[in-house]
Amino acid sequence: MERYKSKYKNANPEKLKREDLSSFSKVNDLLKKQMGEGANTKSTVSYSLKNRDDIYIPIPVYLCETSGKIVVNITVNSSGNVIDAYTNTSSTSSNECLIEHALQYAKASKFSPDASKKTQIGAITFNFIGKR
């Protein structure tokens, strides 16, 4: 803790605030860009996980040029966290961009807890609507 204090003891608070605001602005600009013209935001998501509710499933925002349905098999622990995810053969696309995004979104998903089940298998279906 002392090392931390001494490192920032002579720091200029105004400079730190400007740097933080600059970093925030950069991240905010990137999000706006993704949500703007260049990103696809009209996709849909559905899931199958018996007796559990979704707490959080990311809304697909992606820069892929194509459409397709990616089905991701998931394993959820008793806390509701996705601990494993892999694509299902019922997917309609083998596009790496779509698969990469679907797996990323599936792993970030959260479901209601169920202490009676150590793990549970389910699926999340991402219907990506491409630009074309």
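Position 1 is the first residue of the sequence, and the numbers go up from there.
- Side chains of Ser79 and Asn81: no donor on one and acceptor on the other come within 3.5 Å.
- Using a 4.5 Å heavy-atom cutoff, the side chains of Cys64 and His101 are in contact.
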Report the C-alpha distance between Leu98 and Thr66 in whole Å, list the side-chain angles of each, state the deciding distance to 0.1 Å, and finish with yes or no for side chain to side chain contact (heavy atoms under 4.5 Å, CB included).
-> CA-CA 8 Å; Leu98 296 181; Thr66 187; 3.8 Å; yes
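- Although no hydrogens or angles enter the test, the distance criterion places a donor-acceptor pair under 3.5 Å between the side chain of Asn95 and the main chain of Cys97.
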Pair Ile124-Ser109, side chain to side chain contact (heavy atoms under 4.5 Å, CB included): steps then yes or no = CA-CA 9 Å; Ile124 303 175; Ser109 298; 3.7 Å; yes
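- In this structure, the separation between CD1 on Ile74 and CD on Gln120 is 8.5 Å, given to the nearest 0.5 Å.
- Thr125 has its side chain within reach of Lys69: a pair of non-hydrogen atoms, C-beta onward, lies under 4.5 Å apart.
- Side-chain polar atoms of Asp114 and Ser116 form a donor-acceptor pair below 3.5 angstrom.
- There is a path of hydrophobic side-chain contacts, each under 4.5 Å, that joins Ile57 to Val72.
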Give the C-alpha distance, both sets of side-chain angles, the deciding distance and a yes or no for side chain to side chain contact (heavy atoms under 4.5 Å, CB included) between Arg52 and Val76.
-> CA-CA 10 Å; Arg52 298 233 200 178; Val76 178; 3.5 Å; yes
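- To the nearest 0.5 Å, atom CG of residue Leu49 and atom OG of residue Ser112 are 7.5 Å apart.
- The two residues Ser93 and Gly68 make their nearest non-hydrogen contact at CB-CA, 4.0 Å.
- Between Ile83 and Thr119, the closest side-chain pair of non-hydrogen atoms falls below 4.5 Å.
- In this structure, CZ on Phe128 lies 6.0 Å from OG on Ser43, to the nearest 0.5 angstrom.
- With values rounded to the nearest 0.5 angstrom, Ser78 atom OG is found 11.5 Å from Lys117 atom NZ.
- You'll find the ring centres of Phe111 and Tyr47 inside the 6.0 Å limit.
- The same ILVMFWY cluster, assembled from side-chain heavy atoms under 4.5 Å apart, contains both Phe126 and Val82.
- Separation of atoms CD1 (Ile70) and OG (Ser90) is listed at 9.5 Å; rounding is to 0.5 Å.
- In the hydrophobic clustering of this structure, Val71 does not group with Ile99; members are Ile, Leu, Val, Met, Phe, Trp, Tyr whose side-chain heavy atoms approach within less than 4.5 Å, directly or through other members.
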